Amino acid sequence: MRHFAVIGSGPAGFYTAEALAKAYGDAARIDIIEKFPVPYGLIRFGVAPDHQSLKAVSRRYDKVAEDANVRFVGNVAVGDAVSIAELQSLYDAVILATGAPDDRKLGIEGELLPGVVGSAEFVGWYNGHPCFADLSPPLDGKYAAVIGNGNVALDCARILSKNHHEFEGSDIVGHALEALDRSAVRTITIVGRRGPHQISMTPKELGELGHLEAATPVVEGDDFPPVEADDALEPGHRKSINILRDFAATGPDGSKARRIVFDFFARPVRIEGNGRAERLIVERTELDESGSARGTGETYEVPASLIVTSIGYHTPPIAGVPYDERGGKFANDGGVIGDGLYCVGWARRGPSGTIGTNRPDGQEVAELIAAALPPGGSSAKAGGVGLDALLAERGIRATSFDDWRSIESAETAAARPGSPREKLIRHADWLKVLGRS
Ligand SMILES: Cc1cc2nc3c(=O)[nH]c(=O)nc-3n(C[C@H](O)[C@H](O)[C@H](O)COP(=O)(O)OP(=O)(O)OC[C@H]3O[C@@H](n4cnc5c(N)ncnc54)[C@H](O)[C@@H]3O)c2cc1C
């Protein structure tokens with residue numbers, strides 16, 4: 001028998017557990033260890049609440065958790081409740097799938113002013129992340145800005161733009177829906193250092209902006225290179241650029257109360273305001289020969305009393321695990337950190353790619369493990385039994401997949417009309433459902 005510990009229950013963790021379960025069958029036991037009592041990582045706390053079809057991928061992960069050889073061990077923060085060294089003494093291989101949950105900082109003056117929030121915080125607020133439920137982003141001003149040119153920036157802008165009933169069928173948390181109902185925000189500027197050709201926005205997310213009930217996209221035709229330049233783009237990217245070109249050609253719909261303005265070639269320089277963010281100062285840029293943004297010296301103001309920064313994430317280090325400071329992820333070579341220690345997903349690659357991108361990652365690492373420890377062999381490691389003993393010694397009560405099912409049922413029962421669930425947010429609320437308060 002082999003024993004494997006996968007740390008983190010997001011897509012990367014589940015795909016890895018799935019691949020290991022397939023490779024080893026009954027010859028291995030796999031524990032998915034998660035710091036929250038509830039599973040799924042960014043599927044629960046990141047993916048937009050109005051993208052329910054994407055969140056349905058968790059049904060596939062349920063099947064993995066229901067495999068007799070796989071166990072969900074929630075409420076156990078690795079690096080805190082148990083160390084990596086302890087896990088390595090208990091398991092034949094330890095795979096870090098801890099994601100990249102921390103916002104990268106802009107590093108500009110004024111970034112600490114109230115009203116400036118990272119996208120992990122903002123997204124966590126509307127998605128019921130326990131650390132960000134109390135964020136209370138200022139929605140009392142007319143202007144907001146989102147810094148970044150990726151899909152997360154689009155998610156933030158779209159959520160800020162929707163009317164109440166456009167959230168029907170979503171699982172946006174009640175506190176966010178109420179706050180957005182009262183929002184005074186009318187203009188959301190999406191600020192990007194480079195141009196349309198350099199965006200990391202996908203056609204589906206961009207296309208949605210053309211169908212918002214109360215908001216219209218605003219794109220400047222002059223920001224685009226000649227249309228022939230699009231031929232060199234990869235087809236999906238070209239589709240995105242076509243959507244932006246269409247927005248520019250059609251022009252904004254003046255009948256809509258809100259505007260989502262794309263401000264390309266704008267590099268944030270500083271944030272100003274009297275005790276809170278009031279405006280973002282940006283420098284006009286142009287592309288240099290290598291395609292990087294080069295400042296032109298011309299600056300201007302973007303009014304914004306809410307500024308959401310969406311410029312990337314990093315993985316928090318864990319004691320005893322080599323770390324790549326520059327990349328903001330665990331130092332690894334193709335997923336291998338060291339002997340018996342691996343990483344997958346965003347903790348391996350950094351914050352890029354879709355949910356599905358994490359699948360080959362998990363498969364690759366499972367293959368590496370199977371090559372190093374051929375199925376059929378066994379070891380003297382204690383595995384999950386050893387972990388349970390350690391947790392009991394420390395008075396830590398883990399949650400099981402059945403516990404998650406109970407929490408999920410309570411969330412479904414509490415759902416407001418038209419919503420699949422009303423998420424429980426606090427640790428105490430989760431444990432209360434389990435009769436542990
Ligand atoms: C705002 C946002 C929206 C997105 N929307 C989409 C989308 O619409 N479509 C799409 O395809 N992709 C989307 N993505 C990307 C997708 O979410 C990621 O590709 C994917 O979640 C990465 O998987 P992961 O398992 O590496 O990390 P995560 O999903 O972050 O999972 C990491 C898990 O590890 C746990 N963990 C962390 N530290 C510890 C620890 N010390 N001990 C125990 N457990 C720990 C975390 O709690 C979490 O459950 C989005 C990403 C973001 C940020």
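In listed order, ligands and their atoms are each counted from 1. The shown structure was predicted, so the numbers you read here are calculated from the model rather than taken from an experiment.
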Of all protein heavy atoms, the one nearest atom 11 (O) of ligand 1 is I355 N, 2.8 Å
Tightest non-hydrogen contact, residues G110 and V116, listed as O-CG2, 3.9 Å
min-distance protein heavy atom vs atom 27 (O) of ligand 1 -> G99 CA, 3.4 Å
Quick one: does any side-chain atom of E111 pair with a main-chain N or O of G107 as donor and acceptor, under 3.5 Å?
yes
Per-atom filter on ligand 1: closer than 4.0 angstrom to a heavy atom of V123 are 1 (C)
Heavy-atom closest pair (W125 atom, A176 atom, distance to 0.1 Å) is CZ2-CA, 3.6 Å
Q.
Using the rule given for side-chain contact (heavy atoms from CB on, under 4.5 Å), can you reason through I95 versus L20, listing the C-alpha separation, both sets of side-chain angles and the distance that settles it, and then say yes or no?
A. CA-CA 11 Å; I95 305 103; L20 285 170; 3.9 Å; yes
Looking only at protein heavy atoms, what sits closest to atom 39 (C) of ligand 1 is T98 CG2, 3.6 Å
Going by the 4.0 angstrom heavy-atom rule, the piece of A97 near ligand 1 is backbone
Taken to the nearest 0.5 Å, the spacing of L96 CG from L87 CG works out to 9.0 Å
So the atoms of ligand 1 within less than 4.0 Å of a heavy atom of L54 turn out to be 7 (C), 8 (O), 9 (N)
Of all protein heavy atoms, the one nearest atom 53 (C) of ligand 1 is Y313 OH, 3.6 Å
Numbered in order shown, the ligand 1 atoms found under 4.0 Å of a heavy atom of V152 are 1 (C), 2 (C), 52 (C)
- Message: Over 60° means perpendicular and under 30° means parallel, so tell me whether F14 and Y40 are parallel, tilted or perpendicular.
- Response: tilted
Atoms of ligand 1 under 4.0 Å from any heavy atom of G345, numbered from 1 in the order shown, are 26 (O)
I'd like to know if R405 and E66 make a salt bridge, using a cut-off of under 4.0 Å between side-chain N and carboxylate O. yes
Within 4.0 Å of some non-hydrogen atom of G41, the atoms of ligand 1 are 29 (O), 31 (O), 48 (C), 49 (O)
- Query: Counting N and O atoms only, with roles assigned by atom type, does the side chain of K55 sit under 3.5 Å from a partner on the main chain of V47, one being a donor and the other an acceptor?
  - Reply: yes
If you scan protein heavy atoms around atom 42 (N) of ligand 1, the nearest is V78 N, 2.9 Å
Residue, atom and distance of the protein heavy atom nearest atom 50 (C) of ligand 1 read V47 CG2, 4.5 Å
If we number the atoms of ligand 1 from 1 as shown, the ones under 4.0 Å from a heavy atom of F36 are 47 (O)
task: Measure from atom 14 (N) of ligand 1 to the protein's non-hydrogen atoms and state whether any distance is below 4.0 Å.
output: no
When you measure from the side chain of S419 to the backbone of G169, do you find a donor-acceptor pair of N or O atoms at a distance under 3.5 Å?
no
At under 4.0 Å between heavy atoms, what of I43 touches ligand 1? The answer is neither
**Request:** Would you check if there is a donor-acceptor pair between the side chains of H197 and D230 at a distance under 3.5 Å?
**Result:** yes
Just by distance, do the side chain of S183 and the backbone of V185 share a donor-acceptor pair under 3.5 Å? yes
* Asked: Hey, are the side chains of L424 and V38 touching, using non-hydrogen atoms and a 4.5 Å cut-off?
  -> no
*Any donor and acceptor pair, going by atom type alone, linking the side chain of R104 with main-chain N or O of G328 inside 3.5 Å?*
no
Atoms of ligand 1 under 4.0 Å from any heavy atom of A77, numbered from 1 in the order shown, are 42 (N)
The protein heavy atom nearest to atom 20 (C) of ligand 1 is N358 ND2, 3.6 Å
Is atom 7 (C) of ligand 1 less than 4.0 angstrom from at least one protein heavy atom? yes
Under 4.0 Å from one or more heavy atoms of I7, ligand 1 contributes atoms 42 (N), 43 (C)
Give a yes or no on whether the backbone of N127 and the side-chain of K423 come within a donor-acceptor separation of less than 3.5 Å. yes
- Query: Does any N or O atom in K35 lie less than 3.5 angstrom from one in ligand 1, N or O only?
  - Reply: yes
In this structure, atom 35 (C) of ligand 1 is nearest to the protein heavy atom E34 OE1, 3.3 Å
Is it true that G79 lies under 4.0 Å from ligand 1, counting heavy atoms only?
no
Looking at G13, G46, G350, the heavy atom closest to atom 1 (C) of ligand 1 belongs to G46
